[in-house]
Amino acid sequence: MDHSKIGSIVLDLSAPLDDAQHTLLKVMAEQYLKTGQWPFWRYVEQMMDHLGYDEAEQVLKSLPVFGANSPVGASYGLAWYDRVHLADDSRPALTVAAGLHSPELRHVFGENFISVLQYFVKHQRAVRPSPDKVEASYITSDDFNRDFPAVTKDFVAALPGIFEHEPVLRRGAQPWGTDPGGWRFELHKWLKDYRGVDDLNGYVQRVAERTVAANTVIIPESQAPVLAQVLGSSGGKIRIGERLTAGMPTVMGAVIPRPVAPPEDPPQYVNEDLIKELEAKQGQARLSPDKLLQLVRELNACFRDGHAYACHALVRAIIDHVPPILGRKSFQAAASNYAWPTDADRKYAKKLLEFKNQADDVMHRQIRTSRGVITMHDVPFPGYINALLRVCVDQL
């Protein structure tokens, strides 16, 4: 395979990979399963070179992708990485689709992931809406632990990191509770698109269908049979309660999830309690939070209305605005040198620093002949900006 050909649109993420691509997946997967996090890109490059592959970046970018293999545009492939600047200390991740090719990941990204997705779909379908107000319903890590008592704590804590790279799930997860690995997941309406998905192939096909539709890709007539196969219905039935580990009891019945402090308004990107704390700092802090307040309010409004480009610009504006709160002149200095309260906060700051390249591309790329589309799935995981604002509010 010619790994220099980057940016092609494919129709089948399950198509066979070459030796270099398989090796890349293996190097990344083995470290992830050992440590619970994806390895630094520099490590991957050096390992690939040691194994006889000296163009690791080209191999990574040659992995099959649905949609636009560019910094903008709806897409989904076997890997998730910064397509503008692949830094040595960045941590490219493999998506659930990589489980189609990786025996190491197949158990976690196959039957386990599908069981979690079915669990969310089942509870989303069971929610009874109110005719008088809009309420969000959630599943929390506590609920999940209660219903799947045999699942390890490490697996539950790892789920938000898996959700982050999956289009239907990355929008719903938020940090929650006092446990560093705690989370809650909003049972949003898009989960209904994944009813009937009962295996990994069916899930990847469903994501492909949504991605192709979002990009309005024109397919050559010769590709029509392949497209029909990819977009076809899986035809399966939901099997709620697939076991995540041997001997785990199945989840019985459809219960209404217990809302955890559901907001009166539609879902917010920035936590409403953080905004209230920030408002209380007005006139009390050494630095004025007025502009920051306006930025987060506008970000929530744009997120609620699905304005992806505006969300990119506003997140970029926020991370450029707050460094003086942290005693730094730039966000790069803050991400690298600030004494963050936890390792998780430091990692979230690094994620936001990496996002700046994507936001710059979105805001400054000039008009061109090809169609450029960005979606809400490209907006950073809300937990990153909420963690940053938590630290900033505490420092004001």
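For this chain, numbers begin at 1 and follow the sequence in order.
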Please say yes or no: joined through hydrophobic side-chain contacts below 4.5 Å, possibly via intermediate residues, are [X] and [Y] part of one cluster?
| X | Y | value |
| --- | --- | --- |
| Leu292 | Leu287 | yes |
| Leu388 | Phe355 | yes |
| Phe155 | Leu169 | yes |

**OP:** Using modelled atom types only, decide if a donor and an acceptor are shared between the side chain of Tyr76 and the backbone of Ala97 within a distance under 3.5 Å.
**Re:**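 It does hold such a pair.
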**OP:** For Ser90 and Leu86, indicate whether the former's side chain and the latter's backbone hold a donor-acceptor pair under 3.5 Å.
**Re:** no
Original post:
Taking everything shown except Lys192 itself, do over 12 heavy atoms lie less than 6.0 Å from its NZ?
Top reply: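 Count over threshold, so yes.
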**OP:** Assess the pair Tyr194 and Phe120: is the distance between their ring centroids shorter than 6.0 Å?
**Re:**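 Not under 6.0 Å, so no.
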Subject >> Between Phe381 and Tyr384, ring centroids under 6.0 Å >> reply: yes
Subject >> Glu279 with Arg297: basic N within carboxylate O range, under 4.0 Å >> reply: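 Judged by the 4.0 Å cut-off on N to carboxylate O distance, Glu279 and Arg297 do form a salt bridge.
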Original post:
Does Asp343 pair with Lys347 as a salt bridge, N-O distance under 4.0 Å?
Top reply: no
Original post:
In terms of ring plane angle, is the pair Tyr338 and Trp340 parallel, tilted or perpendicular, where the classes change at 30° and 60°?
Top reply: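 The rings of Tyr338 and Trp340 stand perpendicular, inter-plane angle above 60°.
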Original post:
Parallel, tilted or perpendicular for Phe144 and Trp183, by the 30°/60° rule?
Top reply: tilted
Determine whether [X] and [Y] make a side-chain contact, defined as any pair of heavy atoms from C-beta on separated by less than 4.5 Å.
| X | Y | value |
| --- | --- | --- |
| Leu24 | Leu17 | no |
| Leu51 | Val27 | yes |
| Pro382 | Val270 | no |

**OP:** Might you work through the salt bridge (Lys or Arg N to Asp or Glu O under 4.0 Å) test for Lys26 and Glu30, ending with a clear yes or no?
**Re:** CA-CA 6 Å; Lys26 183 178 179 66; Glu30 286 180 345; 3.0 Å; yes
Original post:
So which of Asp82, Asp320, Asp361 actually passes side chain to side chain donor-acceptor pair (under 3.5 Å) with Lys356?
Top reply: Asp320
**OP:** Given salt bridge (Lys or Arg N to Asp or Glu O under 4.0 Å), test Arg390 with Asp394 step by step and report yes or no.
**Re:** CA-CA 6 Å; Arg390 173 73 275 165; Asp394 291 343; 2.8 Å; yes
